[in-house]
Amino acid sequence: MLDIQYIRENRQAVAAKAQQKGYPVDVDTLLELDEQRRNIVTQIDALRAKRNDLAATLKKTKPTPEQIAEGKSLKEQVAQLEGNLAPVEEQYQTLLRAVPNMPLAEVPVGATEDENVIAKTVGEPTKFDFTPKHDFELGEALDLIDKERAAKISGSRFAYLKGGLVRMQFAIVQFVMQTLGDEAIIQKLIDENGLHIPAKPFTPVLPPAMLRTEPYVASARLNAEEVTYKIEQDDLWLNASAEHTLCTMYWNEILPEDALPIRYLGYSTSFRREAGTYGKDMEGIFRLHQFDKLEMEVFCTPETGLEEHKLQIAIQEYLVQQLGLPYRLIQKCTADIGKPNASGYDIDCWFPGQQKYRETHTADYMTDYQSRDLKVRVRRQDGIDLVHTNDATAFAMSRILKCIMENYQTADGRIVIPEVLRPYMGGQAEL
RNA sequence: GGAAGGGUGUCCGAGCGGUUUAAGGAAACGGUCUUGAAAACCGUCGUGCCGGCAACGGUACCGUGGGUUCGAAUCCCACCCCUUCCGCCA
């Protein structure tokens, strides 16, 4: 969430930018509630001070009937004010959480995703002297994907992935762990992008795939209606990304400054309800209810937040380039970056089956919006600051497998394995 | 699932109705001493919120939420979590 003091001091800007992001919010009402809230809290505190004074005088003596009556009266007054406060506080919290993060100045203003900006195009759409096939055609012919039986057992938007495709997924996992664990590569990307942050490698993490409501809400990532599965018998949700159990990891903690930046590479199965996408991307493995994903998560100081964002984007590009996939880097506009984001970039890779660039990666910079509610802080020489958080896709498996299958297909329907993955597949050259 | 024990500040840990402004220890920071370090000694040392330019003042917080009381870390109720043992299990 946003800092209420910032909202007080930037009433107009907050309303305007919230509008630009497509999360219009009634700032006037929010600030009115804020004032009511503070007014009541001040009154309550004054009454409590009286109560404490009274209690202090009674430490050794027996209370007189008058003193007991006064104590009771104070208690009732406090209770009444607390009764007044509760609904104000509730509305206030609801409105406050509805305020989106402020976009950075350089984020292009736009009303829909059509106003995203293509920052860069790398590579040419893959050319074939035959009509390229879709993942599902290739997958079926090579016995790599079985969606029919998955539908029988689990419903639509599930798949059995098999054989070489599975080995390729784990080759990708190994390749990414190797790459992000390599200080020299991180340093090279830092230097190439003119950044001034340490080359600390990413630590691989297998996080829990479920989390409880309270931290999930605080992470500003819970999207119950459209995205997230709830476990009925327990207070647990299935995470929609490793990011959700990674960003919450230091919930309610104060980190020592020398621990930062904390760079994690999480690997988790991700579950998504995909409500509201009926009929969209029904074929193949582009959009499934369940997929595995490698996700970067970084906790850092406010000063380095933007540079960590840039590093994550550089890493994403490097990884995609290593796989030899054509892509575009998209700077998302205000309407598309998402509520907790101050900035957001996507990488759209080329999918020959559809003859389109489609989203395979996203990089999110939240500034302190996420950490404020999660209460993830850093203890520094001159006080305590909220950390800045960044997350970014390393690879979303089913999408990137589809992308590789389609870009690396041969005329006779086989799939060449990208060079960098072969060492992790026993030297195998094709599926 | 059954039984027992437990959740206190950065950590360990005492407190079990009113000198708690949470003992004591450790860590950390500053200082004395020392050629330097260690040790010893002295000092500092929780997080929010409200008010204030500030110094500071007020208030809340001892797993969470209710309750009892003039007064709750302390008593009562419910729930959550952790540990150990038993059972089951990859």
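Computed from a predicted structure; not experimentally measured. Only heavy atoms go into these numbers, but all of them, side chains included; no hydrogens, no water, no symmetry mates. Throughout, protein chains are lettered first and strands after them, A, B, ... in sequence-line order, and every chain is numbered starting at 1.
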Kindly give the atom pairs (protein nitrogen or oxygen, nucleotide nitrogen or oxygen) under 3.5 Å for nucleotides 62-71 of chain B.
from  : atom 1 : to      : atom 2 : distance (Å)
B:G71 : OP2    : A:Lys75 : NZ     : 3.4

Taking atom [atom1] in both [N] and [M], what distance in whole Å separates the two?
N	M	atom1	value
B:C61	B:U44	P	26 Å
B:U74	B:G15	P	15 Å
B:G52	B:A40	C1'	43 Å
B:C81	B:G31	P	48 Å
B:C79	B:G2	P	12 Å
B:C76	B:C85	P	29 Å

(request) State which residues pass ring pair (Phe, Tyr, Trp, His ring centres under 6.0 Å) with A:Phe136; sequence neighbours excluded, sorted by chain then number. (result) A:His134

Round to a whole Å and report the spacing from [atom1] of [X] to [atom2] of [N].
X	N	atom1	atom2	value
A:Glu89	B:C50	CD	P	10 Å
A:Asn39	B:C49	CG	C1'	15 Å
A:Asp258	B:C29	CG	P	11 Å
A:Arg380	B:U10	CZ	P	18 Å
A:Asn252	B:U10	CG	C1'	15 Å
A:Leu374	B:G48	CG	C1'	16 Å

Of all pairs that satisfy side-chain hydrogen bond (donor to acceptor under 3.5 Å, both in side chains), the ones with a partner from [range], not counting sequence neighbours:
range	value
residues 68-79 of chain A	A:Ser73-A:Gln77
residues 334-344 of chain A	A:Asn116-A:Asp336, A:His309-A:Ser343, A:Asn341-A:Asp364
residues 394-409 of chain A	A:Thr126-A:Asn407, A:Asp135-A:Lys402, A:Lys402-A:Glu406

Pull out every protein N or O sitting under 3.5 Å from an N or O of nucleotides 45-47 of chain B, one pair per line with the distance.
from  : atom 1 : to       : atom 2 : distance (Å)
B:U47 : OP1    : A:Arg379 : NH1    : 3.4
B:U47 : O3'    : A:Arg377 : NH1    : 3.3
B:U47 : O2'    : A:Arg377 : NH1    : 3.2

(request) For A:Arg37 and for A:Lys50, locate the closest nucleotide of RNA chain B by heavy-atom distance; then report the residue assigned to the nucleotide nearer the 5' terminus. (result)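 The 5'-side residue here is A:Arg37.
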
Sequence neighbours excluded, every pair satisfying salt bridge (Lys or Arg N to Asp or Glu O under 4.0 Å) that has a member inside [range]:
range	result
residues 236-255 of chain A	A:Arg221-A:Glu243
residues 291-306 of chain A	A:Lys293-A:Glu295, A:Glu303-A:Arg380
residues 184-209 of chain A	A:Lys188-A:Glu192

(message) Expected output is a numbered-order residue list: members of residues 204-215 of chain A with a heavy atom under 4.0 Å from any atom of RNA chain B. What is it?
(response) A:Arg212

(message) Only Watson-Crick and G-U wobble pairs with both distances less than 3.5 Å should count. Give RNA chain B in dot-bracket notation, marking inter-strand partners with |.
(response) ((((((((.[[[..)..(.....]]].(((((.......))))).((((((....)))))).[[[[[..)....]]]]])))))))....

(request) To the nearest 0.5 angstrom, please state how far the CD atom of A:Gln178 sits from the OH atom of A:Tyr424. (result)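 A:Gln178 CD to A:Tyr424 OH: 4.0 Å, rounded to 0.5 Å.
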
(message) To the closest 0.5 Å, what do you measure between CD1 (A:Ile262) and OG1 (A:Thr389)?
(response) 12.0 Å

(request) Mark yes when over 12 heavy atoms from residues, nucleotides or ligands other than A:Glu82 sit less than 6.0 Å from its CD; otherwise mark no. (result)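 Correct, the count exceeds 12.
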
Any side-chain heavy atom of [X] sitting closer than 4.5 Å to one from [Y]?
X	Y	answer
A:His361	A:Tyr345	no
A:Met405	A:Ile145	yes
A:Ile231	A:Trp237	no

Aromatic contact between [X] and [Y], with the criterion being ring centroids under 6.0 Å apart: yes or no?
X	Y	result
A:Phe286	A:Phe351	yes
A:His244	A:Tyr216	yes
A:Tyr250	A:Phe299	yes

When you compare the protein's N or O atoms with those of nucleotides 54-58 of chain B, which come within less than 3.5 Å of each other, and at what distance?
from  : atom 1 : to      : atom 2 : distance (Å)
B:G58 : N2     : A:Asp45 : OD2    : 3.2

